[in-house]
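These numbers were taken from a predicted model, which means no experiment stands behind them. These values consider heavy atoms only, across backbone and side chains, with no hydrogens, waters or symmetry-generated copies.
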Amino acid sequence: MDQGSLARILKQVSGGEDEIQQLQKALLDYLDENTETDASLVFSRKFYIAQWFRDTTMETEKAIKSQKDEDSSEGTHHAKDVETTGQIMHRAESRKKFLRSIIKTAPSQFSTLKMNSDTVDYEDACLIVRYLASMRPFAQSFDIYLTQ
């Protein structure tokens with residue numbers, strides 16, 4: 001991954017969100033800007049929003065399940081796990097809120113939300129997609145699958 005380009009994109013994208021949300025917003029803005037030239041980008045945009053929402057929901061469910069498993073097995077690390085689970089839940093709720101705000105935005109309002117119209121070009125969008133894909137569970141455990 002080209003960390004320099006990712007840092008440049010993050011610097012150009014305004015917002016107080018976490019790094020993942022900033023990259024998601026930049027990618028969605030790029031897809032929205034280019035829907036006139038390629039109609040399939042509308043589907044891609046909706047697919048990414050749905051996939052990220054699903055990933056956030058799955059992450060929350062895993063956190064709750066791991067917390068329940070820890071409660072039933074032992075209580076020594078309970079306070080630490082509750083704190084990290086709480087952080088995961090808070091981050092997941094913030095991501096869901098962000099995605100809901102994107103979903104609720106009417107297509108006619110997209111043009112008024114384009115604050116960073118020249119921030120992301122095609123190469124940057126490809127880099128963002130590769131980076132976000134590398135954050136998914138399958139991509140993170142790919143080395144384990146190859147080893148086995």
Side-chain angles (χ1 to χ4, degrees), residues 1-71 80-148:
M1 289 293 158
D2 185 4
Q3 293 296 328
S5 293
L6 286 174
R8 177 184 50 81
I9 293 168
L10 287 171
K11 193 184 318 179
Q12 290 175 345
V13 175
S14 63
E17 306 97 9
D18 64 358
E19 179 179 297
I20 300 297
Q21 277 184 327
Q22 289 177 340
L23 292 173
Q24 288 174 344
K25 175 121 175 68
L27 181 61
L28 292 174
D29 287 345
Y30 170 78
L31 292 173
D32 183 51
E33 290 170 15
N34 294 295
T35 55
E36 290 99 23
T37 59
D38 188 0
S40 67
L41 294 180
V42 174
F43 172 77
S44 298
R45 187 176 190 282
K46 290 179 182 180
F47 173 79
Y48 278 125
I49 292 171
Q51 187 66 44
W52 294 332
F53 197 88
R54 180 186 169 277
D55 289 347
T56 302
T57 304
M58 295 298 289
E59 180 181 327
T60 305
E61 290 174 358
K62 284 182 182 179
I64 291 171
K65 183 179 178 185
S66 69
Q67 180 183 5
K68 287 180 182 177
D69 291 344
E70 288 293 323
D71 287 347
K80 182 180 177 184
D81 290 337
V82 169
E83 182 181 352
T84 57
T85 303
Q87 291 172 349
I88 290 171
M89 297 290 282
H90 178 58
R91 185 176 62 236
E93 285 305 314
S94 115
R95 286 183 181 169
K96 283 183 177 183
K97 183 179 177 183
F98 163 72
L99 292 171
R100 281 188 198 110
S101 70
I102 296 289
I103 292 169
K104 290 180 181 177
T105 306
S108 61
Q109 295 173 334
F110 289 148
S111 59
T112 61
L113 294 176
K114 296 178 190 172
M115 293 180 281
N116 52 349
S117 59
D118 295 331
T119 302
V120 179
D121 59 359
Y122 178 76
E123 289 80 21
D124 290 342
C126 290
L127 178 66
I128 292 171
V129 168
R130 284 194 308 270
Y131 178 75
L132 292 174
S134 72
M135 303 300 286
R136 296 188 42 86
F138 179 75
Q140 291 178 349
S141 61
F142 194 67
D143 290 336
I144 296 169
Y145 291 126
L146 286 176
T147 302
Q148 291 178 354

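- Arg100 pairs by the salt bridge (Lys or Arg N to Asp or Glu O under 4.0 Å) definition with nothing, not counting sequence neighbours.
- Taking CZ of Phe98 as the start and CG of Asp18 as the end, the distance is 9.0 Å to the nearest 0.5 Å.
- Residues passing the salt bridge (Lys or Arg N to Asp or Glu O under 4.0 Å) test with Glu59 are Arg91, Arg95, sequence neighbours excluded.
- Going from atom NZ of Lys25 over to atom CG of Asp32 covers 9.0 Å, rounded to the nearest 0.5 Å.
- The line from CD1 of Ile9 to CG of Asp121 is 8.0 Å long, rounded to the nearest 0.5 Å.
- With a 4.5 Å cut-off on side-chain heavy atoms, Phe43 and Leu31 do not count as touching.
- Here the CG atom belonging to Leu28 is positioned 11.5 Å from the CG atom belonging to Leu41, to the nearest 0.5 angstrom.
- Under a 3.5 Å cut-off, the side chain of Gln24 and the backbone N or O of Trp52 do not form any donor-acceptor pair.
- Evaluation of the side-chain hydrogen bond (donor to acceptor under 3.5 Å, both in side chains) rule for Ser5 yields Asp2 as partners, not counting sequence neighbours.
- Looking only at side-chain heavy atoms (C-beta outward), Leu23 and Leu10 come within less than 4.5 Å of each other.
- Qualifying salt bridge (Lys or Arg N to Asp or Glu O under 4.0 Å) partners for Asp38, counting only residues two or more places apart in sequence or in other chains: none.
- Put simply, CD1 on Ile103 and CD1 on Ile49 are 6.0 Å apart, with the number rounded to the nearest 0.5 Å.
- By the ring pair (Phe, Tyr, Trp, His ring centres under 6.0 Å) test, Tyr30 is found to be paired with no residue, residues two or more places apart in sequence or in another chain being considered.
- No side-chain heavy atom of Val120 sits under 4.5 Å from any side-chain heavy atom of Glu33.
- To the nearest 0.5 Å, the span separating CD1 on Ile20 from CG on Leu132 amounts to 5.5 Å.
- Side-chain atoms of Ile102 and Arg45, non-hydrogen and from C-beta on, do get closer than 4.5 Å to each other.
- With sequence neighbours excluded, the residues satisfying side chain to side chain contact (heavy atoms under 4.5 Å, CB included) with Thr57 are Phe53, Glu61, Lys96.
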